[in-house]
Amino acid sequence: MTVYSSRDIRNLFLAFFRNRGHEVLPSASLIPQDPTLLLTIAGMVPFKPIFLGQVKPSFRRVCTVQKCVRVSDLEKVGYTPRHHTFFEMLGNFSFGDYFKKEACQWAWEFLTEELCLPVERLSVSVHEKDEEAFRIWRDIVGLPEEKIVFLGDEDNFWASGPVGPCGYCSEIYYDTGKERGCGKETCRPGCDCDRFLEVWNLVFMEFDRQSDGTLRELPSKNIDTGMGLERISAVVQKVESNFETDLFLPLIRSLEGLSGVPYEKEKPVFRLVADHSRAVAFLIADGVYPANEGRGYVLRRLIRRAHRFGKRIGLVKPFLHELAFRVVELMGDVYPELRRNETTIAQVVFQEEKRFEDTLALGFARLEELLEEARAKNARTISGREIFKLYDTYGLPLDFTQEVLREEGFSFSQEEFEEEMERQRTRARKAQEERFSGLKGQKREEELFSGFRSTFVGYDRLSAESVLLALSDGNELIPEASQGAEVLFVLDVTPFYAEKGGQEWDTGWFVTPSGTVEVLQVSGPSAALSVHRGIVREGRVKVGERGKALVNEKRRRGLETHHTVTHLLHRALREVLGEQVKQAGSFVGEESLRFDFTHFAPLSDEELEAVERRVNEKIAEDLPVYVSFSSLEEAQKRGVVALFGEKYEFPVRIVRVGDYTAELCGGTHLRRTSEALAFVILSESSIGAGIRRIEAVAGWRALEMLRASRKVLQGVRGLLNVEEAHLLRTLEELLEENRNLRKFLARERKERILRELQERLEKMPQGSLLFAHLFEDGLDLELLREVADVLRGALSRGAIALGTAEGEKVKGIIAGVGLGGGTNLGAFLREVSRTIGGGGGGKPHFAQFGGIPRSRWGEFLKYLEEFLKAHEAGHGP
Ligand code: SER
């Protein structure tokens, strides 16, 4: 058996299939076109649309060496000889051209004649229902029956996912020898032990699995084969694990050099780091950047894991970029994208490791302390309270902590964690209320801390080792403060951003060996002094003590999101409305932003939409945000936006977002615009002559807002049971219908009332002067008047009194008919209100009243009747 290098194997493979009519294609990107896949996980991924018949192939036979990344078994990587994140898959494909016979024959030929693997070591498996494949192996390739095993779906049915192309497969195994196996009688290909390695998977791709699980035949019968380069190299190079092949060994040697630790001592660490460095380099070369979701998150996790494991062999400073560099050296000629992106790869890895160091190192160290303590006590759990503190105070992401705990075999009480979370919420709510409570009316901060200076280091780090220089209760300097005290304090170096230029302050913690202060607000009375306000939450703190200053990362992230987006908004407004637009004020908060600007008229819907779209485009363009310094004159010459009336320090700091905007700004910003996720304008209004205000949200808040409005919309859709596109029209129709119904009902009611009252009026005894009715159900006076107008016609002399009850009071009208001169209903009402209460007034023959106690309605009518009688008497026959 010849010992080929992995490079030879790649070349032999491609040449072998080229000679059999295959077009050699370069590897596709690790970022698949297929939106249902996060990463390219197999050689067939780029060809899915061809298999599905959606795209016509340019070649019927193709072979590739495809870059793949799988993270489904991330936890095993490093601990086994054969798990990887990044790997290369050798594959030959037929799109409706040759099928099982050629696939089997050629695979066999390649292994035995090109790679010269000993035939006696090889065997194959076929699907238990695939007689055809069995016969091909036995009758055409010529394998003895005992070399062919039948296995079920689990081993011999391959699918690219829950839905999509799939089919029976046949696998070729290499026997590494009895001594490597489990020794059981039943040991054979398919056994879980390490003896029979599956080296090549031949998939007879003929079905398209539907979402209901049924198999639909693909438009053509296809072949998809896959052989892991790492594994076949290990076989050919006769080494125990993939990590000892020429693909990994140079990386492992470099790591030995960097750490001074031999591979033999810490195999899993070396394996894991070597594996991850390859994945990291290749992912970045294909355009993936660290992020908190999707592919970016895969990359971030890999970098953090490698960094974390590196610590175990004493690599404390960022080191992974060096290894990534080595990957470029080793594979750059095969994958030119590595060469092209060499600097980016090194930079991104370095920055991410550095960021990890800056923001998480303290928390990680604390976590390790906790694990140590637990181990010493032989405990396997960590208190939920401590885990919460790591999360809340140290800003260690929970998923990261969980991963470490899992790998180290520890757990923590989720319940306790939730309890702490709840407690913290209550505390935060209270803290919000009591923010300034005890410290009002104090001396000016400059005066209080005159002579003290502090340096702000928070532009690129969220934590610092700081000395507590001065402490105050708001009135005078004090040497120390204990739990519950509200304090002002100054640190020699501080990562906390003091409120400035519209951006709100950072919050967080200052932790000393003896106590903890929660930082609730930070102000900067001068550029060289930051004053922190907070409450001592635990123990006591003393002047002169050294401690850890830890910024709340979530809040800072929110502030940075809204600040970067504010710059985009400023620029977009000038693009849409014209360059005369000037910033007139700005507020950058954790959860929202406000931007005030000069403009003479309200923005139209189209203008608002254009501004919003522009900002979102810039977010999607993933522009880098960078900072530079220059003299003010220089900056103005280059057209950098400066705000009139602001004071600038020298040299001025310029924040650029790609080529899109450049502003003088002292604030903190995102690293790339895509971190802002999305931008939503909430309102636009006037706040004074010629000044408009836009309120908006970005980042997670924006997504939450959208989600909430979608929910409302879905609710409305559900209620109306119509498509979204028809929602407005349906609502308009409904409102119109509602208006008509109301009109109809009102008419109906009026008619019913009239009918009833007319009937009663007709039955009224001869000679009575008063017809009265009290309605129980709150009618409006207009209706009563209309009714009275009609009833009048049926009465020759007297009055109609209609009341309607509103709770304990009655309101209504009185209409007189044929009353003599001198009768004045308005005067009667004024008169009677003195005795009964309520009030009223009007003309001689028509009056309106209200506020008459319900209990005295009868009495009221009696007075009215007497009044009418008196006036009739006065009038005479
Ligand atoms: N698609 C199959 C696999 O990934 C063969 O390439 O194993």
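Order of appearance sets the numbers: ligands from 1, and atoms from 1 within every ligand.
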Would Arg60 count as a cation-pi partner of Phe95, with NZ or CZ less than 6.0 Å from the six-membered ring centre and within 45° of the ring normal? no
Which atoms of ligand 1 have any heavy atom of Met44 under 4.0 Å away? 1 (N)
Only counting residues at least two apart or in another chain, list the ones meeting ring-ring contact (aromatic ring centres under 6.0 Å, His included) with Phe350. His321
Could you tell me if Arg70 sits above the aromatic ring of Phe87, with its cationic atom closer than 6.0 Å to the ring centre and no more than 45 degrees from the axis? no
Ligand-side contact atoms (ligand 1) for residue partner Val203, heavy atom cut-off under 4.0 Å: 2 (C), 5 (C)
Checking Arg10, Lys67, Arg7, Arg231 against Glu88 for salt bridge (charged side-chain N to carboxylate O under 4.0 Å, His left out), the one that qualifies is Arg10
Atom 7 (O) of ligand 1 [closest protein heavy-atom partner, distance rounded to 0.1 Å]: Asn201 ND2, 3.1 Å
Heavy-atom nearest neighbour in the protein, as seen from atom 6 (O) of ligand 1, with distance rounded to 0.1 Å: Asp224 OD1, 2.8 Å
Taking a cutoff of less than 4.0 Å between a non-hydrogen atom of the residue and any ligand atom, is Met227 in contact with ligand 1? no
Mark yes or no for whether Asp224, through its side chain, and Asn222, through its backbone, hold a donor-acceptor pair below 3.5 Å. no
Gly226 heavy atoms, cut-off 4.0 Å: which ligand 1 atoms fall inside? 5 (C), 6 (O)
How far is atom 4 (O) of ligand 1 from the closest protein heavy atom, and which atom is that? Trp158 CZ2, 3.2 Å
Quick one: look at Thr225 and ligand 1, take heavy-atom pairs under 4.0 Å, and tell me if it's side chain, backbone, both or neither. backbone
With a heavy-atom distance limit of 4.0 Å, tell me whether Arg70 approaches ligand 1 through its side chain, its backbone, both, or neither. side chain
Would you say CD of Gln210 has more than 12 non-hydrogen atoms from neighbouring residues, nucleotides or ligands within 6.0 angstrom? yes
Any nitrogen or oxygen of Ala42, side chain or backbone, less than 3.5 Å from one on ligand 1? no
Among Trp106, Phe59, Phe93, Phe16, whose ring pair (Phe, Tyr, Trp, His ring centres under 6.0 Å) with His22 holds? Trp106
